[in-house]
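Heads up: the structure comes next, in structure tokens.
Residue numbers begin at 1 in each chain, while the letters A, B, ... track the order of the sequences.
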Amino acid sequence: MRFPAKSKLSGGRFSTSFLFPGKAQSFRLCCIAQSIDASTLAELVSKQHWSEVKRRLRNPALALPQMLDSGVDPGLLLRYFVWSRKELGLSHSLDLTFRVLHSLICSKMYPKVRSFLDQFVKDDTPHSVSSVFHAISTCSDSICNKSIIADMLLLSYTKNMKTRQGLEAFYRAGDYGFNLSILSCNPLLNNLVKERSIDDAERVYRELVRRRFVFNAITFNTVINGLCKAGRLNKASNVAEEMKALGFSPNVITYNSLIDGHCKAGGPGKMYKVDAIVQEMARNGIPLNVVTYNTMIHGYCKDENLQAALKLFDEMRKQDMMPNAITYNSLIGGFCSNRELDKALRLRDEMLSLGLSPNIVTYNVLIGGLCKNGMLSEARMMLDDAETEGLGLSVITFNTLIDAYSKSGRMEEALSLHQLMHDKGVVPNVSTYNCLIGGFCREGKMASVWELLREMKEKGLNADVISYNTVIDSLCNHGMSRRGMILLDDMLNNSVNPTHITYNTLMEGYCKEGNLRAALKVRELMEKRGRRANTVTYNVLIKGFCKQSKMEDANRLLNEMLEKGLLLNKATFEIIKEEMVEKGFVPDIDGHLYNA
DNA sequence: ATAGGGTTAG
């Protein structure tokens, strides 16, 4: 018996499970047999006689399992799979899909599987990772082949920036006992680090250690670099030690990451730690390279220790190591923050004489330096210079200038730059808007602020925590803390995480309005949401109480912050001096702290 | 497949 094959609907799919539930499969197999056998079908597919295939197929849904069972060439299987999906609108189950992929793996047709999976993860209606792994687990008996598929899938997720799915795939692979390779795990770690999900990167690394994974140096370096970027220097050094224990020698990249971490960590004596690392490199016979020097030079420049930076610069030259544009950009930035613009400009000329081309970053540094030294028109001219040089202006070029104009209250010029960047095809980002919003906030022109926020939304740019903090600060400074609180709710609705700054700003606003109760409520809220009061929180509250001459309360808060081990900062001591001692109240705190 | 430079909030 045969169903008429007039339409897709009548082709067998219609029917059986509802006539004979539970017997659907066998009923189909014996009664709605294909009018065409698997090998003939394969033959037609190989010749790409698609209209013939279409005409002779009685039950398209059955063709694929039939071909799989008859051991048809995997290449033809795939070809039929893709064709039937596109031309017949069939959506094959995950199980069948992965059985096809498995047959390709068995024939070592790896590139085909790779490109298939690449497409597969780009799918608009993605399958859940768990259902995909279930399909992988049943597509074969060979754990080795299943591992290969899982590994390729993970790489596809990662390459397509589906890091969350990649992460889940990593753990599922572990649950099923599949073995992954550094080819997919290193890029996963790299993505996690780039997305600042350092906790996840660390967990993946720990899991790899637990699974006795076959590492290479890159695995360790990626994790160490991520930890350094997150400022977790102790953990980074621990991983470097583990690396040694597992038989790998840290290389120049490992050390450069650690050096950069220490340079950026700040704190007193950080450069001694850097020095210790350099000495360890020397002991291990690892020469410093240009990145090492650049990192250290940049560290000193940020400290405004130009002397030390120039000493290293000199050392480089003595070793015949050629500085590059990055070296110069750091030094130029250093001179700019030292208000030595003449020297900064001279370095740009030196670059040219060495055959190094100043790039857009060089110009951005110089423009920023000119702006910070109040030379806005010179900075504006330098933007034109950069363009004349044929350098592509970056969004940062514009942001730097827009911010400078905004900070000088020259909003018309700021807006005209905003227009100019649009004309030049440079796309504004959240920072661009934040600079403009900051400018209007400082002028109290809230109507323009709302207008900018609306414009952002229109462009699909989401306000970030800086946008919110800026606006909240302005509202608080204009006696509208209550409206600031409404924005706090708005942040949460838009899944923007408030920071200490957000809460502290609101508290300060309420304190200025004399509403201490509301300020304390904000602190409660902040702690309820897992943010502990910090030094600034206490400074704000102590000052608020002092202003209302509630000295005992202020004193109690001061003691509370000491009990919590919070460090008093410059602002704290100023408050103590100006709001307490000068007004005749001597706080009862430890003498040594008071003397500090 | 891993390292270095430029912009925004208290």
> Does a nitrogen or oxygen in the side chain of His500(A) sit under 4.0 Å from OP1 or OP2 of dA9(B)?
Replying inline: no

> When Met382(A) is tested against each of Thr397(A), Ile367(A), Leu401(A) for side chain to side chain contact (heavy atoms under 4.5 Å, CB included), which residue passes?
Replying inline: Ile367(A)

> Looking at dA3(B), does its base get a donor-acceptor pair with the side chain of Asn251(A) below 3.5 Å?
Replying inline: no

> Separation of Tyr363(A) atom OH from dT7(B) atom P, in whole Å?
Replying inline: 18 Å

> Is the distance from OP1 or OP2 of dG6(B) to the nearest side-chain N or O of Lys302(A) less than 4.0 Å?
Replying inline: yes

> Is Lys543(A) paired with Glu574(A) through a side-chain N to carboxylate O contact shorter than 4.0 Å?
Replying inline: no

> Under the 3.5 Å rule, do the base of dG6(B) and the side chain of Thr362(A) count as making a donor-acceptor pair?
Replying inline: no

> Has the side chain of Ser431(A) got a donor or acceptor atom sitting under 3.5 Å from an opposite partner on the base of dT8(B)?
Replying inline: yes

> If you take atom types as modelled and just measure distance, does the side chain of Asp464(A) reach the base of dA9(B) with a donor-acceptor pair under 3.5 Å?
Replying inline: no

>> For the residue pair Asn569(A) / Asn539(A), report whether a side-chain donor-acceptor contact shorter than 3.5 Å exists.
In response: yes

> Taking atom C1' of dA1(B) as reference, at what distance in whole Å does atom CD1 of Ile218(A) sit?
Replying inline: 5 Å

>> Closer than 4.0 angstrom, basic N to acidic O: yes or no for Asp199(A) and Arg203(A)?
In response: no

> Hey, does the side chain of Lys407(A) come within less than 4.0 Å of dA9(B)'s phosphate (OP1/OP2), counting only N and O?
Replying inline: yes

